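Everything quoted here is computed from the prediction, not taken from an experiment.
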Amino acid sequence: MVGMTNDRLVLTINTGSSSLKFVLYAANKTPVPILRAQVNRIGAAGSRIRITGADGAVQFERETALADHAAALEAVLDQLARNRALASLKGVGHRIVHGGARYREPQWITPELVDALRDLAPLDPDHVPQALCGIDTIGRRFPDLPQAACFDTAFHAGTPPRAEMYALPRRFYEAGIRHFGFHGLSYEYIVAVLREREPALADGRLIVAHLGNGASVAAIRNGRSIDTSMGYTPAAGLVMSTRCGDIDPGVLLDLAQQRGMDTDAINRLINHESGLLGVSQRSADMRDLLEAEMSDSKAAEAIDMFCYRARKYIGAYAAALGGLDALVFTGGIGEHAATIRERICAGLEFLGIKLDATRNHAAATVISTDDSPVHVRVMETDENLMIARHTVELLNGGCHVRFQHRIVDCRR
């Protein structure tokens, strides 16, 4: 285990609905990961903690009962403290999925920001309350340690009004009901890497498809988001593992008025029972569906719907950009499912997309042909590194506000 080091360390915490990801970094100009921890299946049978070193070697692994995120956080922090991994910790960075209209850049966490996030929690009940739980746990254990909030919505701040506004009476926009967009830390990372390696592509007309359990597409010009498929909440846009994506508002009215569903039931339906799981009636995992599609027509339909919706958005965003210079696939599905990339791109030849089948199935960095007018790439994203960079930048900026502990109900 680490801990016998004089380096400044920063810890990043990325909270999911039933998972936690930690990465401990040496806080150099370019943060260097030295330890990773992950907890899966929080609140369910078979919760598992896994800690690995920089070389990927497993340093600790245990299956244990973890009732909620607070228990998972405490268990990991106890293990890291036991091995002196936190001895030189100077700051903690949190991924905050929803920053609303107010928070458009990384910043230190204050009691006022915590209050604002609690107000935003109903818009993303699967992430924001869990992040608040992480903030509170760190604040109790390390009351003098600065904590930074890094917002997934920030990358999309400043999109043109035509993309940001809904066609509702303007008073709703002024009250904060608008198209926010998410996965911003992932998109920011992809643009940053392209700017280092292929600056012409980073400053051109770029579409990035972040395809994982949550899935979205972003249209990016000159390194800035001009539109993205998720909206007011992360439930909009593409078909996802358990989220339905775009849906006619009239369907929701019907569910409430004609079928007697309350808001909790509708939220559960569109966020946890729909998407690949709902259509296939089999699994929310694309790998399971690909294995079953030859013998299961519902699994095949779910895959086809997923690819069709992604292809449709790519075509729409190429139009919004006025053409296309590069398409990037990232996220768990985008990085690892060659057949999904192939099916999404099938029929997009008119945009100048030509895939090289050999490169695609080998998951090469560039999977387009040499004569393809559009560069098609596969890139591994790293949201945690972006959180670490922002936290180090804030630390290097000097002052921070001491976190004043107050109880956050992790069940809210």
K.L.:
Taking atom CZ of R287 as the centre, report whether more than 12 heavy atoms of other residues, nucleotides or ligands fall under 6.0 Å from it.
P.N.:
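For R287, atom CZ is not crowded (no more than 12 foreign heavy atoms under 6.0 Å).
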
K.L.:
So K21 and E383, salt bridge (charged side-chain N to carboxylate O under 4.0 Å, His left out) or not? Walk me through it.
P.N.:
CA-CA 11 Å; K21 295 179 182 178; E383 297 164 323; over 6 Å; no

K.L.:
Tell me if a side-chain donor or acceptor on T159 pairs with a main-chain N or O of S225 at a distance below 3.5 Å.
P.N.:
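Checked: no pair found.
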
K.L.:
List the atom of V374, the atom of L324, and the distance in Å for their closest heavy-atom pair.
P.N.:
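Reported closest heavy-atom pair: CG2-O, 3.4 Å.
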
K.L.:
Run the numbers on I247 and L252 for side-chain contact (heavy atoms from CB on, under 4.5 Å), then give the verdict.
P.N.:
CA-CA 8 Å; I247 188 169; L252 304 182; 4.2 Å; yes

K.L.:
Counting N and O atoms only, with roles assigned by atom type, does the side chain of S47 sit under 3.5 Å from a partner on the main chain of A65, one being a donor and the other an acceptor?
P.N.:
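Side chain of S47 to backbone of A65: no pair is present.
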
K.L.:
With a 3.5 Å distance limit and no angle check, can you tell me whether T228 reaches the backbone of V217 through a side-chain donor-acceptor pair?
P.N.:
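Flag set: sc T228 to bb V217 pair under 3.5 Å.
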
K.L.:
With a 4.0 Å cut-off on N to O distance, would you call R359 and E342 a salt bridge?
P.N.:
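E342 and R359: not salt-bridged.
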
K.L.:
Could E349 and K354 be called an ion pair, given the rule that one side-chain N must be under 4.0 Å from one carboxylate O?
P.N.:
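No, this pair does not count.
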
K.L.:
So, does S216 use its side chain to make a donor-acceptor pair with the main chain of S229 at under 3.5 Å?
P.N.:
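No; judged by distance alone, with no hydrogens or angles, the pair does not exist.
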
K.L.:
Ignoring hydrogens and geometry beyond distance, is a side-chain donor-acceptor pair present between T242 and E273 at under 3.5 Å?
P.N.:
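Their side chains do not contain a donor-acceptor pair, so the 3.5 Å distance test is not met.
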
K.L.:
Looking at A72 and V39, what are the two nearest heavy atoms and their distance?
P.N.:
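Taking every non-hydrogen atom into account, CB-CG1, 4.0 Å.
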
K.L.:
Look up atom CG in L66 and atom OG in S18, then write down how far apart they are to the nearest 0.5 Å.
P.N.:
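L66 atom CG to S18 atom OG measures 12.0 Å (nearest 0.5 Å).
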
K.L.:
Does H94 reach the side chain of I109, with side-chain heavy atoms less than 4.5 Å apart?
P.N.:
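Answer yes - side chains close enough.
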
K.L.:
Can you list every pair that meets ring-ring contact (aromatic ring centres under 6.0 Å, His included) and has a residue in residues 193-215, with sequence neighbours left out?
P.N.:
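Listed once each, the pairs are H183-H210.
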
K.L.:
Considering only heavy atoms from C-beta outward, does the side chain of L348 approach that of R311 to under 4.5 Å?
P.N.:
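L348 reaches R311 side chain to side chain.
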
K.L.:
One pair to check against salt bridge (charged side-chain N to carboxylate O under 4.0 Å, His left out): R309 and D304. What are the steps and the verdict?
P.N.:
CA-CA 9 Å; R309 188 76 62 86; D304 187 49; over 6 Å; no

K.L.:
Answer yes if the side chains of N267 and H272 hold a donor-acceptor pair under 3.5 Å, and no otherwise.
P.N.:
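There is no such pair between these side chains.
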
K.L.:
Mark yes when over 12 heavy atoms from residues, nucleotides or ligands other than R62 sit less than 6.0 Å from its CZ; otherwise mark no.
P.N.:
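No.
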
K.L.:
Rounded to the nearest 0.5 Å, what separates atom CG in L206 from atom CG in D325?
P.N.:
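Output value for this atom pair is 8.5 Å.
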
K.L.:
Between I314 and L327, is the side-chain contact (heavy atoms from CB on, under 4.5 Å) condition met? List the steps.
P.N.:
CA-CA 9 Å; I314 291 169; L327 169 64; 4.0 Å; yes

K.L.:
Would you check if there is a donor-acceptor pair between the side chains of S241 and N213 at a distance under 3.5 Å?
P.N.:
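Yes, side-chain donor-acceptor contact under 3.5 Å.
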
K.L.:
Using the side-chain hydrogen bond (donor to acceptor under 3.5 Å, both in side chains) rule, collect all pairs that involve residues 23-40, keeping only residues at least two apart or in two chains.
P.N.:
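Residue pairs with at least one partner in residues 23-40: Q38-N40.
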
K.L.:
Using atom types as modelled and distance alone, determine if a side-chain donor or acceptor of D356 lies under 3.5 Å from a backbone N or O of I367.
P.N.:
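No, because the side chain of D356 does not come within donor-acceptor range (under 3.5 Å) of the backbone of I367.
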
K.L.:
Answer yes or no: is there a donor N or O on one side and an acceptor on the other, between the side chain of D55 and the main chain of A57, under 3.5 Å?
P.N.:
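The answer is yes, because a donor-acceptor pair under 3.5 Å joins these two groups.
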
K.L.:
Between D203 and R195 (salt bridge meaning N to carboxylate O under 4.0 Å), is one present in this structure?
P.N.:
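Between R195 and D203 there is a salt bridge, with a charged N closer than 4.0 Å to a carboxylate O.
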
K.L.:
Step by step, work out the side chain to side chain donor-acceptor pair (under 3.5 Å) result for T330 and E380.
P.N.:
CA-CA 6 Å; T330 191; E380 182 178 358; over 6 Å; no

K.L.:
Do the side chains of F155 and V191 get nearer than 4.5 Å, heavy atoms only?
P.N.:
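Yes; the side chains approach each other to less than 4.5 Å.
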
K.L.:
Side-chain contact, heavy-atom cut-off 4.5 Å: L395 with V10?
P.N.:
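Of all side-chain heavy-atom pairs linking V10 with L395, at least one is under 4.5 Å.
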
K.L.:
Below 4.5 Å, heavy atoms only, C-beta onward: do I138 and I13 meet side chain to side chain?
P.N.:
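They are in side-chain contact.
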
K.L.:
If I take atom CD from residue Q147 and atom OG1 from residue T137, how far apart are they, to the nearest 0.5 angstrom?
P.N.:
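One gets 9.0 Å once the value is rounded to the nearest 0.5 Å.
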
K.L.:
Is it true that atom OH of Y173 has more than 12 heavy atoms of other residues, nucleotides or ligands lying nearer than 6.0 Å?
P.N.:
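Yes, OH of Y173 has more than 12 neighbouring heavy atoms, counting only those of other groups under 6.0 Å.
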
K.L.:
If you measure from the Lys or Arg side-chain nitrogens to the Asp or Glu carboxylate oxygens, is any gap between R282 and D288 under 4.0 Å?
P.N.:
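Looking at D288 together with R282, the answer is no, because their closest N to O distance does not fall below 4.0 Å.
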
K.L.:
Ring centres under 6.0 Å, that's the criterion: do F180 and H98 meet it?
P.N.:
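Under 6.0 Å, so yes.
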
K.L.:
Just do the side-chain contact (heavy atoms from CB on, under 4.5 Å) check on D152 and R95 with the steps written out, would you?
P.N.:
CA-CA 7 Å; D152 248 344; R95 176 189 174 219; 2.7 Å; yes

K.L.:
Taking A116's backbone N and O only, do any of them form a donor-acceptor pair with R102's side chain (distance below 3.5 Å, no angle check)?
P.N.:
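No; judged by distance alone, with no hydrogens or angles, the pair does not exist.
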
K.L.:
I'd like to know if the side chain of Q281 reaches the main chain of L277, judged simply by a donor and an acceptor atom lying under 3.5 Å from each other, with no hydrogens or angles considered.
P.N.:
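Side chain of Q281 to backbone of L277, a donor-acceptor pair under 3.5 Å: no, none is there.
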
K.L.:
Counting only heavy atoms not in E105, do more than 12 sit closer than 6.0 Å to its CD atom?
P.N.:
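Incorrect, the count does not exceed 12.
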
K.L.:
Taking it one step at a time, do I344 and F329 satisfy side-chain contact (heavy atoms from CB on, under 4.5 Å)?
P.N.:
CA-CA 10 Å; I344 289 172; F329 288 97; 4.1 Å; yes

K.L.:
Does D227 pair with R221 as a salt bridge, N-O distance under 4.0 Å?
P.N.:
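No, this pair does not count.
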
K.L.:
Atom CG in L73, atom CG in L20: separation rounded to 0.5 Å?
P.N.:
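Here the rounded value is 5.0 Å.
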
K.L.:
Between CG of L185 and CD1 of I190, what distance do you get to the nearest 0.5 Å?
P.N.:
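So the gap between those two atoms works out to 12.0 Å.
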
K.L.:
Any chance you could measure L269, atom CG, to C244, atom SG, to the nearest 0.5 Å?
P.N.:
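Nearest 0.5 Å value for the CG-SG distance: 7.0 Å.
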
K.L.:
In the structure I gave you, are the side-chain heavy atoms of L194 and P199 within less than 4.5 Å of one another anywhere?
P.N.:
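A side-chain contact under 4.5 Å is absent here.
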
K.L.:
Hey, is E74 close enough to R140 for a salt bridge, meaning N to O under 4.0 Å?
P.N.:
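A salt bridge is present here (some side-chain N lies under 4.0 Å from a carboxylate O).
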
K.L.:
Would you indicate whether the side-chain heavy atoms of C150 and I96 approach each other to under 4.5 Å?
P.N.:
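Counting from C-beta outward, I96 and C150 never come under 4.5 Å.
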
K.L.:
For the side chain of E293 and the backbone of L289, is there at least one donor-acceptor N/O pair under 3.5 Å apart?
P.N.:
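No.
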
K.L.:
Within the distance-only criterion (no hydrogens, no angle test), does the side chain of D246 pair as donor or acceptor with the backbone N or O of G237 below 3.5 angstrom?
P.N.:
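Yes, because the side chain of D246 sits within donor-acceptor range (under 3.5 Å) of the backbone of G237.
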
K.L.:
Taking L276 as the fixed residue, which of M286, R243, M240 is the one that meets the side-chain contact (heavy atoms from CB on, under 4.5 Å) rule?
P.N.:
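So, applying the side-chain contact (heavy atoms from CB on, under 4.5 Å) to L276 and each of M286, R243, M240, only M286 qualifies.
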
K.L.:
For the pair Y187 and H156, name the ring-plane relationship: parallel under 30°, tilted 30 to 60°, perpendicular over 60°.
P.N.:
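Because their plane-to-plane angle is over 60°, the rings of Y187 and H156 count as perpendicular.
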
